S.K.: 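I'd like to ask some things about the structure below.
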Amino acid sequence: TRDIRKGSVSKSKKQQAADFGNISDFGDELRTDVHAIEQAIQELGGAQNILAIISTTSCFAPRAPDDVESVGKICAKFNIFHIINNA
């Protein structure tokens, strides 16, 4: 179990005050950079220091919705909670 008083909660969009910038510019669309998420996990000292990763399915152009499937796979790989904002 994790001590919820410790750890980081990372949001996956820079525009949402992300703990790490993991969006990339793909032409006219901004998309989730899943490689940056894995890098950030390592930079933060591993999964034991992260409470959750937050992604979102709704956004305004030019951003694309987060790749929740890929983010979910990363969360499963590292045993980190994945919170999806669907609002």
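Quick caveat, the model's predicted, so the values are computed rather than measured.
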S.K.: Roughly how far apart are Glu38 CD and Glu43 CD, rounded to 0.5 Å?
M.R.: 12.0 Å
S.K.: Any idea which heavy atoms bring Ala47 and Ile80 closest together, and the distance?
M.R.: CB-CG1, 3.7 Å
S.K.: First locate atom OG1 of Thr32, then atom CG of Asp67, and finally report the distance between them rounded to the nearest 0.5 Å.
M.R.: 6.0 Å
S.K.: Start with the C-alpha gap between Lys73 and Phe78, add the side-chain angles, then the distance that decides, and say whether side chain to side chain contact (heavy atoms under 4.5 Å, CB included) holds.
M.R.: CA-CA 9 Å; Lys73 288 178 183 177; Phe78 290 98; over 6 Å; no
S.K.: Looking at Asp33 and His35, would you say the former's side chain and the latter's main chain have a donor-acceptor pair under 3.5 Å?
M.R.: yes
S.K.: To the nearest 0.5 angstrom, please state how far the CG atom of Leu51 sits from the CZ atom of Phe81.
M.R.: 6.5 Å
S.K.: Taking atom CG of Leu44 and atom CD of Gln39, what is their separation to the nearest 0.5 Å?
M.R.: 11.5 Å
S.K.: Report yes or no: do Ile41 and Val34 belong to one cluster of Ile/Leu/Val/Met/Phe/Trp/Tyr joined by side chain heavy-atom distances under 4.5 Å?
M.R.: yes
S.K.: Please confirm whether the backbone N or O of Asn85 pairs with a side-chain atom of Thr56, one donor and one acceptor, at under 3.5 Å?
M.R.: yes
S.K.: Of all heavy-atom pairs between His82 and Val71, which one has the smallest distance, and what is that distance?
M.R.: NE2-CG1, 3.3 Å
S.K.: Working to the nearest 0.5 angstrom, can you tell me the gap between Cys75 SG and Ile50 CD1?
M.R.: 9.0 Å
S.K.: Roughly how far, to the nearest 0.5 Å, is the CD1 atom of Ile53 from the CG atom of Asp66?
M.R.: 10.5 Å
